[in-house]
Amino acid sequence: MQQDMIVIIDLGSEENASLAREIRALGVYSEIHPHDITKDALAALPNVKGIILNGGANRVVDGVEIDASEAVYSSGIPTIAFDHKGADAMPSGEDERKKVLSDFIFNTCKAQANWNMENFINDQIELVRRQVGDGKVLLALSGGVDSSVVAALLIKAIGDKLTCVHVNHGLLRKGEPEQVVEVFGKELGANLVYVDATDRFLDKLAGVADSERKRKIIGAEFIRVFEEEARKLDGISFLAQGTIYPDIIESGTKTAKAVKAHHNVGGLPDDLQFELVEPLKMLFKDEVRACGAALGLPDNMVYRQPFPGPGLGVRCLGAITRDRLEAVRESDAILREEFAKNGLAGKVWQYFTAIPDFRSVGVRDNARCYDWPVIIRAVNTVDAMTASIEEIDYAVLHKVTNRILAEVKGVNRVLYDLSPKPVATIEWE
Ligand code: XMP
């Protein structure tokens, strides 16, 4: 293992993740661990150079005072308390805090600033090889950032001991399934099972207008298709997942309640028992992207905007029909192309089109038409909990509108959604 580590002991602070990021920004790897960490668990962590007891304003959780375990105090590893309770006390002021932190890390602990993607990738390759041995690993490769980076890393670590399954549910954006086949199947030479399950998904969704039922059907059918493919493969004992650090932090720690239940592929039947391989589970999202870039994945795969699991299924409003699904896919592709051309792709957090399930009157080629509208949405946000509307140059909107009206079949109006979140949500369903 090549990286030194600073361990943050969680004593109920809400700032554990930001402290970890602060330390990593200084070039030193950092992980958060529970206050009652055992001696063996602590000893098993590689290259621990220092420990920070992070208690925030106090060390009280649910009315009970907590402290770090004896294992921490007797470890002999340099330790500092970053709270108002510990002897060292948290310094006030940004600069002073930074100075204390870097003095502790580099002077007291003598940690090396050797946290970088190259070392991380090499360490993970070694760890994955050790974990997997001669075993075989299965990965559900959606083509999203996290699963793509896991695939690229595992191809490097274990080559054809990895099998990737890409389920095309027919609700992906234009060109996405093709890119997965091109990048992973051809360029990186992965064992790739490509399943075109479009008809299956659309048959199940036919006539279903309720958005939550649509989501449930898509999720359940995804697991069913993936499970069928898994059963066809022999001797798989590991399941790789694109779990990342925020998933783990949000699933709740010993001192913080769960924000959301975390499951990536989740819900596989009990008789399909796999050991998990999660090489990105200690990375924050921007680090996952940097890891993907370092592994040579294309920018439009690594830096892409968030895309919901149910895909275009929740942007083709109401009961999904093939004509409207095609129209939303084509209009979304035009929007993405024009945003990229105009330098907006890296500036706007999320942008897409949605298509409602009502039509309006128009006139085309001197004849009355009765066609669908398309809605453009372009928002900026930090955490997707609230969102503001990006002020897009009118000329860009004009160009997108004209192209959609000229190129997308069955569309006679383009609307721009100006509603912030709240009151509106980012997606329409
Ligand atoms: P809303 O519409 O709730 O969206 O403001 C917030 C963010 O979450 C994404 N989103 C989803 N992601 N499965 C997902 O994986 C879903 O069912 C889903 N619904 C919304 C949405 O794209 C936005 O980034």
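Both ligands and their constituent atoms are indexed starting at 1 by order of listing.
Seen from the ring of Phe284, Arg21 counts as a face-on cation partner, given the 6.0 Å and 45° thresholds. No cation-pi contact links Arg224 to Phe226, judged by a cut-off of 6.0 Å to the six-membered ring centre and 45° from its axis. For the pair Arg413 and Trp372, the cation-pi criterion (under 6.0 Å, within 45° of the ring axis) is not fulfilled.
Distance from atom 21 (C) of ligand 1 to its nearest protein heavy atom, with residue and atom name: Glu427 OE2, 3.4 Å. Counting protein heavy atoms only, atom 17 (O) of ligand 1 is closest to Arg215 NE, 2.6 Å. At the top of the distance list for atom 7 (C) of ligand 1, counting protein heavy atoms only, stands Ala384 CB, 3.9 Å. Lys421 NZ, 3.6 Å is the protein heavy atom nearest to atom 3 (O) of ligand 1. In terms of protein heavy-atom proximity, atom 4 (O) of ligand 1 is nearest to Ile426 CB, 3.9 Å. Among protein heavy atoms, atom 11 (C) of ligand 1 sits closest to Pro308 CB, 3.4 Å.
Around the NZ atom of Lys156, the shell of radius 6.0 Å holds no more than 12 heavy atoms that belong to other residues, nucleotides or ligands. Remark: Glu178 CD is packed, more than 12 non-hydrogen atoms of other residues, nucleotides or ligands lying under 6.0 Å away. More than 12 heavy-atom neighbours from other residues, nucleotides or ligands sit within 6.0 angstrom of CG on Asp271. When the shell of 6.0 Å around CG of Asp365 is examined, it contains 12 or fewer heavy atoms from other residues, nucleotides or ligands.
Contact annotation for Trp428 and ligand 1: no heavy atom of the residue comes within less than 4.0 Å of the ligand. Counting heavy atoms under 4.0 Å from ligand 1, residue Pro310 touches it through the side chain alone.
There is no protein heavy atom closer than 4.0 angstrom to atom 9 (C) of ligand 1.
Taking distance alone, with nitrogen or oxygen atoms compared against 3.5 Å, Gln350 approaches ligand 1 more closely than that limit. Between Gly309 and ligand 1, an N or O atom pair is found at a separation short of 3.5 Å.
Between Phe307 and ligand 1 there is no heavy-atom distance shorter than 4.0 Å.
Those atoms of ligand 1 that come under 4.0 Å of a heavy atom in Trp349, given as number and element, are 24 (O). Near Thr425, meaning under 4.0 Å from any of its heavy atoms, are these atoms of ligand 1: 1 (P), 2 (O), 5 (O).
Looking at Leu280 and Val149, their side chains come closer than 4.5 Å, going by heavy atoms from C-beta outward.
Taking the six-membered ring for Trp and the full ring otherwise, Phe274 and Phe238 have centroids separated by 6.0 Å or more.
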